[in-house]
Amino acid sequence: MAERRPVRDEASPKLIARARHDRTAFGELYDLYLPRVYAFCRKYSDGREGAEDLTALTFERALAAIGRYEDREVPFSRWLLRIAGNAVIDEARRTGRAAKVGVEIELLTEDNQLEQWEQAYWLRTHVDSLPEDQRRVVKLRFYEDQRFQDVATLMGRSEGAVKQLLRRALRSLRLRIQEETEGGSGYG
Amino acid sequence: MADNRRDLEGLSSPEQELARRLEELGLALSEQERAEAEIDPTFARTLRAHLVHGEELAPHPSFARDLRTRLQRPAARRISRPVAVRLGTAAVAVAALLAAVLVVSRPFSPPPAPPFRAPSPTTADLVFAYPAPRTVIHHLTPTVSLVHPASGVAYRGRLTLAAHSLPRGPSELRAYRLAPLSGIVSVGRILLHIRSPVRQVTTATGTWAVAADGGYPSRRPLHSLAVSLRTEELIYHDRRNLKLPRARAPLDRRHTIAAARAWLARLGLPGQRMPLRSFGDVPALAKVREVSFDWIGVGRTAVDAATLWVTPDRSIIEAWVWPPLAHGGTLPTRPLSSAWGDVLKRRLPLAVEGVSPLLHAAGAGLLRRVSVVFVLVPEAKGQLFLVPTYRFEGKVHISGASVHTWYTLAPSAGRQ
């Protein structure tokens, strides 16, 4: 699969422009990006409460700084996640957790780290659009790290049938991605 | 991955590349999925309202805790104002949150069940998974788990707690009886190649069925399987072939989890179906991975259903396992206000995270979250249960220390 920036579920430039002076538009951005920002913060928090604090801080900082956001081939999600990464780093330093977490936390705002996170999100949106049985086999195999024989047991099918189903799922997934790539930006 | 390449023949190269990418991003995919499912709607609504309709932002928030303070300035009467401001809770949200949490915490919809009885948790049951004092293990012992070497203890200082309002709790909750594990020792010792016979050993923690080769005072490395006849917990150690320095890297996530699941399944436990709870490193042992699982279909529990340590060569060197579910039933509950009353009257043990439980300092805190957590309760007859408790949680300001999370578990059962 070629490296590409995820475009699906990115806010349109118009909405971002409106959000610079319109809080209601910012609310729409919030609705779109809350799940991925929260999930990112959750990864680097000890619990839900910490993740909520970091999420709130991220959106507050984003609201204060959105006037300075410039779309220079940097998706809005990357810009937001970078803010979230900085919030995580600040908090880790404040609480002394940074020493424990070490290098991982220092690399948080690196583009390749954020890109991986975004790409995972983008892939999930496509996986979620698959038919139920295909979605399930992809999740069991790749999200849950189950072996084929375990996936077969859990789905009540033979191992061969599960492999066949996974092949079908990967094909559908590839076609959906291709369709999106050929179909334009897909701005939501 | 070789496994994928072999098993997914016939795919075009973009599809194989897609499989490889899904493989690489597997951890992020599952982390995102899990995190998004737990977003608290009350939090999401409150933050949105603040961002869209809220007051002008301060020049810069020191931390989002301040946001909560600004959103809902608590009128705590029992604690000083500066402390209350620092704690800044969203206690008003507890009502809506509790409703959501309690609904979510109720496991699979049950068929009509006959009257179900379960024992009430003792203080020892409630504090079992509380923060524990630091324990130094000098010699491996078959009946002491390195995963959980010591039982937790209650915080010793005096905490003054307050809540703004309490919702009505659920009228009933599920509880579960666990299947006995003691029979596993005789079979397990054969499956795991332990040569010594099973014997009964009585320790300070009760009587155990133990099969053990080597270990102190023997010079041979310990290889042991033990099950408590009182609590039914299983403890396994294997230090026969610990060749960690030779391995270049720890085992990857997939193989670690598969090795752990296979080990549990080998002993007849439902390892293949148990939900993954956590995966990480063992702090004191480089290159060794720790993986833990939850009970199937049960909500949040205070203790992992199974925790295993896996070496790079896929060996299990340490395991701490509780029995699987036998059956479940419904228990009537007592009002939340009654349980909270017990907290205020200091009848229940409190825990404070991030400080030594042996600290004596006093503190003041507010309630900000209530949920249901299951604790293990052994019955006198030797049966083990997972019993629901109310978990009250909040922030506390400890004198001489910073702000920490406090929590307590309160029995939830009403009259049976």
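Owing to the predicted nature of the structure, the values given are computational and were not obtained by experimental measurement. The sequence lines fix the lettering, A, B, ..., with proteins before strands; numbering per chain opens at 1.
- Residues B:Leu27 and A:Asp145 form no side-chain contact, since every pair of their non-hydrogen atoms from C-beta on lies 4.5 Å or further apart.
- With a threshold of 4.5 angstrom between heavy atoms, A:Leu173 approaches chain B through its backbone and through its side chain.
- Heavy-atom pairs under 4.5 Å with chain B peak, among A:Ala39, A:Ala120, A:Gly160, at A:Ala120.
- B:Arg48 is not listed as a side-chain neighbour of A:Phe59, based on a closest heavy-atom distance of 4.5 Å or more.
- Within the 4.5 Å cutoff, no side-chain heavy atoms of B:Gln32 are placed close to those of A:Lys43.
- Nearest heavy atom pair, residue B:Ser30 against residue A:Tyr143, reads CB-O, 3.3 Å.
- A pairwise comparison of heavy atoms in A:Gln146 and B:Gln272 identifies NE2-O, 3.8 Å as the closest pair.
- To the nearest 0.5 Å, the span separating OG1 on A:Thr55 from CG on B:Asp40 amounts to 11.5 Å.
- For A:Asp22, no part sits under 4.5 Å from any heavy atom of chain B, backbone or side chain.
- To the nearest 0.5 Å, the span separating CZ on B:Arg273 from CG on A:Asp150 amounts to 11.5 Å.
- Using a 4.5 Å heavy-atom threshold, the side chains of A:Arg147 and B:Arg254 count as separate.
- A:Glu52 has a carboxylate O that lies under 4.0 Å from a charged side-chain N of B:Arg369, or vice versa, which qualifies the two as a salt bridge.
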* In sequence, state the C-alpha distance, the side-chain angles, and the governing distance for B:Arg21 and A:Gln116, and then conclude on side chain to side chain contact (heavy atoms under 4.5 Å, CB included). => CA-CA 10 Å; B:Arg21 199 74 186 120; A:Gln116 290 239 335; 3.7 Å; yes
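- Without hydrogens or angle criteria, A:Tyr30 side chain to B:Ala44 main chain gives a donor-acceptor distance under 3.5 Å.
- Scanning both residues, A:Phe142 and B:Ala19, for their nearest heavy atoms gives CE2-O, 3.5 Å.
- Using a 4.5 Å cut-off between heavy atoms, B:Glu393 touches chain A through its side chain atoms alone.
- Between A:Phe26 and B:Leu51, the closest side-chain pair of non-hydrogen atoms falls below 4.5 Å.
- Between the side chain of A:Arg171 and the main chain of B:Glu15, no donor-acceptor pair closer than 3.5 Å is present.
- Taking the charged nitrogens against the carboxylate oxygens, B:Glu38 and A:Arg42 do have a contact shorter than 4.0 Å, which makes a salt bridge.
- Nearest approach of B:Leu29 to A:Arg124, heavy atoms of both residues: CD2-CG, 3.2 Å.
- Heavy-atom distances place both the backbone and the side chain of B:Leu22 under 4.5 Å from chain A.
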